[in-house]
Every structure is written in structure tokens, then in C-alpha cells.
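Read through the structure below, which is laid out as C-alpha cells, and then see the notes.
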Number of protein chains: 2
Amino acid sequence: MSIAEVARLAGVSTATVSRALSGRGHVSAAARERVVAAARELGYVVSQAASSLASGRTRNVGIVLPFLSRWYFTAVLEGAQQRLMRSGYDVTLYNLAGDGGERRTVFEHFLQRQRVDAVIAVSLELTEPEVTSLHALGKPLVGVGGPIPGVRTLAIDDVAVATLATEHLIGLGHSRIGLIGGDVESDADFHLPTKRRQGWEAAMREAGLPIAESRVANADFTVQGGYRAAKQLLGAPLRDRATAIFAASDEMAFGAMLAARDLGLSVPLDVSIVGVDDHDMSDFFGLTTIAQFPGAQGALAVDILMAQLEPKGDDTPPSDTPLPFELRVRSSTSRPRD
Amino acid sequence: MSIAEVARLAGVSTATVSRALSGRGHVSAAARERVVAAARELGYVVSQAASSLASGRTRNVGIVLPFLSRWYFTAVLEGAQQRLMRSGYDVTLYNLAGDGGERRTVFEHFLQRQRVDAVIAVSLELTEPEVTSLHALGKPLVGVGGPIPGVRTLAIDDVAVATLATEHLIGLGHSRIGLIGGDVESDADFHLPTKRRQGWEAAMREAGLPIAESRVANADFTVQGGYRAAKQLLGAPLRDRATAIFAASDEMAFGAMLAARDLGLSVPLDVSIVGVDDHDMSDFFGLTTIAQFPGAQGALAVDILMAQLEPKGDDTPPSDTPLPFELRVRSSTSRPRD
DNA sequence: CTGAAAGCGCTAACAC
DNA sequence: GTGTTAGCGCTTTCAG
């Protein structure tokens, strides 16, 4: 069942069928109807390959991400995927997780195959050659959650987020505020550890509070990592121990809450804890956090691409407003005990 | 840079280039070398669209799954994706999460576009029309983790898994063993709630232990759900209260552990808990569980497809052995207190 | 083992 | 608004 059969059944030319089905070019309402009816009757669906070869458009976008095991990534992916599907686009997943060979292959081969109209890069700190090869594609490219040189990127203001979280704690009366940040390895990929630390420092400085290296412990954005880091922090002598902790992600904050409990400390009475993300489970844990909206970020990335891929006259281009984030106060934070 | 330019530079015909680069058909070593060199020099990469149109092969497989928010799904996806990438295949992700319109669209449109050579369906209980439409594709199809009528499916023996978990508890001396199973909604999609319940019942019956409806609470496979269900179970009067709980997934088991703690009960002294999966975080929580290996399951699904897509003479077809699972005893189970 | 050439199924000028 | 037609860039007979 090729386009020719549909054309025959509908009594029009293949060109008209193509136009009617793709929505490009003008077709009379009558013709369109006959074509659509014929197509349905025959169960006709365009061959992507033929269409792509002829038009240069694939109706497929690539999403590249470092791995799938963090909530943030899958949330972005899910948001982007749903939006793309609604526009009739497929998504090809390029997961960089693995030994590293994957990463080279993706950039050198997979993305070059002209199988995508655009790419979304999630939380990737790309190397120089990687950026080059992406640009060489000549395809629209947008980053989410991580800065890519020379590329439009959607990301919350990580410094401001961290500042807000810290100020929340300061506002409650805390002055010994610890930080569970990201370790160097994570920094290579996301860059946000540094920024979130800066935000914490800024808030502390602003409030005239000391920035003690002993109140900083870094981890890898996992629950386990957060647990270990928190134990470290909370093991300090009482006079010196943090009464509050800002964790750079909710997953690490969960770990910190568990660590506190295991030490017999009450959250929030003995130690207040704030995270970042508003993870699926944060409400369950009663975790105070700074919500960002990864699903919406993914969807927005798609909107931006779509505006370039399928320009519509009256479509206002997605505005360039900073991405929203929002303090959500729950039961993991309170005034310090004293 | 089309194949013609490579041919010119290498001093051969386009046919030879095609053969040399795709590995199909015979080419002299010398010619192959010149072609490869020329291709690299020009930075040539085949156009997928043209190749697909001409050959009917897309080097792309579709992975359909119900959503991304459960660990099991992303683990299968990650395993499958890595294996596919190694074979030079792309993966197109069809995520059914959403209001349900998604689901119809995926089966009626996306999968019909001839963009995939095969599909992997993860934990999907497909409807009759869905199965039909999948078969109509005429493409290899394998299921992972969920039964699809008339389709090769990779899944552990869920009954046996549940029996093993329950027997572990019985072996430790427990007799009042509760079950956190899956609710009806989950059953529609995964079907495994029923089986895991059957396994629990079988072990209980075998040991001559009573199967009390009051010891069963169902949930939705989330941590929150497990928490709620466990509170229900553990709220029973002491003489009647379960001394052990089998949860049908690790995520629910985590919830149960947290619930026990919140009730002031010690795990494992007051209540032992076993899960299923060996989730990323199970080791961290000290959760005794039945490990399955979703990454390996995804990879195996790919092997099966590959055997059909690219038959190699001496390649032994992936054997049809039952999938492995394995009891991992950690610190969430022990003899009952008495 | 290699080359010539006929498509694969669609889209996009270009005429009408 | 609609039809004609020339490709899109590759693979694959079929000869040689």
C-alpha cells in the first residue's frame, strides 16, 4: 500500500495525497476528505523512510542524556516525549550511560546518521568536539539543565535556588547550616554542584554567617551518597554541629533524613533539611524543597524546537523568561531547637 | 557527501562502497580498505533514510513501556538500549504514560510508520487489537516482564519468586506472614500481582499456614503505597499481627520498612521484610530481596531480536532457559522475636 | 569480486 | 487547487 494506491482510490494524484496527508500546500476540502477516507480504508500510513529521503525531514528528535537512573532525567524525558508525540514526532533515546565508549559512538556515529531533525541534550556538559559535531549537524539543538557553549539552554538559576533554600533556613533562625553538595565527578557533567554551592555561600555571607569547610560534604546525587555525607556532617561535636542542612538534590536530602534518624536525631527538631527538585517522593517524606519542574522543562524544550522546525505564522515564539522554581515548605524544616 | 563521492575518491563503484560499509556481500580486502579510508576522510555517514528506503531495514527498534517512573522499567530500557547501540541500532522510545490517548496513538500511528525493525514491549498487558496491530507489522516482537498472547516473552517465574521469598520467611520460623501485593489497576498492566500472590499462598499452604485475608494489603508498587499498606498490616492487634511481610516489589518494601520504623517497630526484630527486584537502593536499605536482573533481561530481549534480524550462521540462538532470580539475604529479615 | 542500473515511496518544483 | 515528474541516496539484482 503505497501512496499511489491511495491516489487511485481517491481519484487524485499522488501529489495531492501527499499534500492532503501532510498538511503542506493547499488542497480543496473535498479532495482532502476523499484522500483521508481512502487512506483510512486502505490502512495507509506514510513510509517514514521515503518521506524523509524526499523531504529531508524525519519527524524524529534525539534526546541525549547521561543516564536514566536519576529522577530528574526521566522526568525531563517524559515531559519532552509526551509533547513530541502530540506533534507527531518520534523520540530516539541516546543514553550515554556505560563505560564511555558509548559516548563517543553516539556523537560520532548515531547522531550523524541524519535520523533526527533536532536534538535535546539533558544535563550534559559537552566537550568541545562534541559541541562541534552537534553544530555540524546543522540541526536545532537545545540544552536542558546544563550549560552548553553557544546553545540555547533551559535551566533554572541554580545559584538563586540554592540561595533561596539557604535563606529559608536562615529565616527560621538557623546559623550553622551545612551543605551537601555535588562531588567533582558530578560537576563534570552537570556543573550545578558549583553553582548550588555558590548560592549557599552567597546566602551565608549575606547573613554574616561563617562558611566553614567542616560543614560541607559532597556526594554523588544519590540517596546513599546523601546518607553518607549527612552522617559525616551530623557526627560533629554538638557545639559545632549543623542545625540545618541544604542538600543539592532531593535524593541526597532523603539520604540525609535517613541518616539523621539513624543517629537518633529528630528532623526537623534537631536538624532541618531542605532539598532541590520536588521529587516524586518528597511529599511522602515531608521534605521541604525547592521545586523545579523537569517535565515542563522538557516540554518547553520541545516547544522551542518546534518553533524552529515548524514555524507557524501567528505563533508567538516561546518566551525567554527564566525558568520557575518555588519553595515548598513541608515538615523537614523548622526553627532550631533552642 | 553522498556515497557517490566516496566511490569516486576510493576509485570504485557505489555498489562496492555500499557493500564495504554495510558488510553485506563480498568485497576484496583492498577495496574495503580504500573505501573505509575514503569514507573517513570525507566524514561520510550513510543516510538512514535512503538506506531504509532501499533496503527495508531501519536499524531502529521500538521499545514500548507503560511509564518511566519505576526502577524496573528504566533498568530494562537501559539494558536493551546499551545492547542495541553496540549493534548499531537506534532505539525509539514509546512511553505510554499519560492520559491514555497516548496509548492508542502509539499503536495506531507511530508503530505503523515502518520506522522500526522490531519492537520490545515491557511489562505490557496488551489488548487484543493492540496485539493484532503489532502482529500486522510483521516485525519481530518480544515481551519483557509481561505476558503477551502469542508472543515470546521474557519473564521470571513470578509464582516461584514469591514462593521463594515466602519460604525464606517460613524457614526463619515465621508463621504470620503478611503480603503487600499489587492492586487491581496494576494487575491490568503487569499481571504479576496475581502471580506473586499465588506464590505466597502456595508457600503458606505448603507449610500448613493459614492464609488470612487480614494479612493482605495491596498497593500500587510505589514506596508510598507500600508504606500505607504496611501501616495497615502492622496496625493489627499484637496477637494477630504479622511478624513478617512479603512485598511484591522492593519499592513497596522500602515503604514497609519506613512504616515499621514510624510505628516504632524494629526491622527485623519485630517484623521481617522481603521484597522483589534488587533495586538500586536495596543494598543501602539492607533489604532482603529476590533479585531479578532487568538490565540483563533487556539485553537478552535484544539478543533474541538480533538473531532474527541478522541471522549469523554459527550463532547459537539465545537459549530458552528460564530467567534467573536469586534470594539475597540482607538485614531486613531474621527469626521472629520469640 | 565488481559495476551498471533499476527502483525503494515519497515530496517539491513546475506547469497548468 | 491539482497533476507531472524529477529526484532524494542508497541497496540489490543481474551481468560480467
Side-chain angles (χ1 to χ4, degrees), chain A residues 1-36 38-39 42-60 88 90 109 112-117 137-138 309-310, chain B residues 1-36 38-39 42-60 88 90 109 112-117 137-138 309-310:
Chain A
M1 23 70 268
S2 71
I3 200 171
E5 302 182 35
V6 180
R8 203 174 309 131
L9 181 58
V12 298
S13 72
T14 60
T16 299
V17 174
S18 174
R19 286 191 277 251
L21 261 26
S22 70
R24 321 189 144 247
H26 297 262
V27 182
S28 68
R32 157 170 293 109
E33 227 165 81
R34 296 215 310 284
V35 168
V36 170
L42 295 173
Y44 170 80
V45 181
V46 295
S47 152
Q48 268 296 141
S51 172
S52 300
L53 181 56
S55 71
R57 266 173 275 106
T58 65
R59 293 187 83 74
N60 185 42
D90 278 326
H109 292 288
Q112 305 294 324
R113 293 203 264 174
Q114 315 200 49
R115 279 174 90 324
V116 298
D117 291 337
L137 287 179
L309 293 176
E310 317 204 325
Chain B
M1 22 73 268
S2 70
I3 201 173
E5 302 183 34
V6 180
R8 202 174 310 130
L9 182 56
V12 297
S13 72
T14 60
T16 299
V17 174
S18 174
R19 287 192 276 252
L21 259 27
S22 69
R24 323 189 143 247
H26 297 261
V27 181
S28 68
R32 158 169 293 109
E33 226 165 83
R34 295 213 312 283
V35 168
V36 169
L42 296 172
Y44 170 79
V45 180
V46 294
S47 152
Q48 268 296 143
S51 172
S52 299
L53 182 55
S55 70
R57 268 173 274 104
T58 65
R59 294 186 84 73
N60 184 40
D90 277 327
H109 292 288
Q112 306 294 325
R113 293 203 260 173
Q114 314 202 49
R115 280 174 91 322
V116 298
D117 290 337
L137 287 179
L309 293 175
E310 317 204 323

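First the proteins, then the strands, lettered A, B, ... as listed; each starts at 1.
Across the protein-nucleic acid pair, A/H26 atom NE2 and C/dC16 atom C1' stand 17 Å apart, rounded to whole Å. Taking atom CZ on A/R34 and atom P on D/dT2, their separation rounds to 8 Å, with Å as the unit. In this structure, A/L21 atom CG and C/dC10 atom C1' are separated by 11 Å, rounded to whole Å. The CZ-C1' distance, from B/R32 to C/dC1, rounds to 11 Å in whole Å. Spacing between atom CZ of A/R59 and atom P of C/dG9 amounts to 21 Å, rounded to whole angstrom units. If you measure from atom CZ of A/R8 to atom C1' of D/dT2, you get 18 Å, rounded to the nearest angstrom. A straight line from CD of B/Q114 to C1' of C/dC8 spans 11 Å, rounded to a whole angstrom.
With C/dT2, C/dT11, D/dC10 as the choices, the nucleotide that has an atom nearest any side-chain atom of B/V27 turns out to be C/dT2. Distance from the side chain of A/I3 is smallest for C/dT11 among the nucleotides C/dT2, D/dC10, C/dT11.
No engagement by B/A49 is indicated, since no non-hydrogen atom pair under 4.0 Å with the nucleic acid exists. The residue A/V17 sits apart from the nucleic acid: no heavy atom pair falls under 4.0 Å.
Between B/S28 and B/L53, the residue whose closest nucleotide on DNA chain C is further toward the 5' end is B/S28. Each of A/G11 and B/S52 lies near DNA chain D, and the nucleotide nearest A/G11 is the one positioned closer to the 5' end.
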Hey, what are the protein-to-nucleotides 12-14 of chain D N/O distances that come in under 3.5 Å?
from	atom 1	to	atom 2	distance (Å)
D/dT12	OP1	B/R57	NH2	2.6

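Going from atom OG of A/S55 over to atom CZ of A/R24 covers 7.5 Å, rounded to the nearest 0.5 Å. Between B/H26 atom NE2 and B/R32 atom CZ the span is 10.0 Å, to the nearest 0.5 Å. Atom-to-atom distance recorded for B/S52:OG and A/R113:CZ is 9.0 Å, nearest 0.5 angstrom.
For the pair B/S13 and C/dG3, the criterion of a side-chain N or O lying under 4.0 Å from OP1 or OP2 is met.
In this structure, A/E310 and A/R59 have side chains that are in contact, with non-hydrogen atoms separated by less than 4.5 Å. Under the 4.5 Å side-chain criterion, counting only non-hydrogen atoms from C-beta, B/R115 is in contact with A/R115. Side-chain contact between A/V17 and A/V12 is present, with at least one heavy-atom pair separated by less than 4.5 Å.
In terms of modelled atom types and a separation under 3.5 Å, the side chain of B/Q48 and the main chain of B/T58 share a donor-acceptor contact. Judged purely by atom type and a 3.5 angstrom limit, B/D90 has no side-chain atom pairing as donor or acceptor with the backbone of B/N60.
For A/L53, the side-chain contact (heavy atoms from CB on, under 4.5 Å) partners at least two apart in sequence or on another chain are B/A49, B/A50, B/L53.
Both key distances under 3.5 Å define a Watson-Crick or G-U pair, and stretches of 3 or more such consecutive pairs in DNA chain D run C:1-16 with D:1-16.
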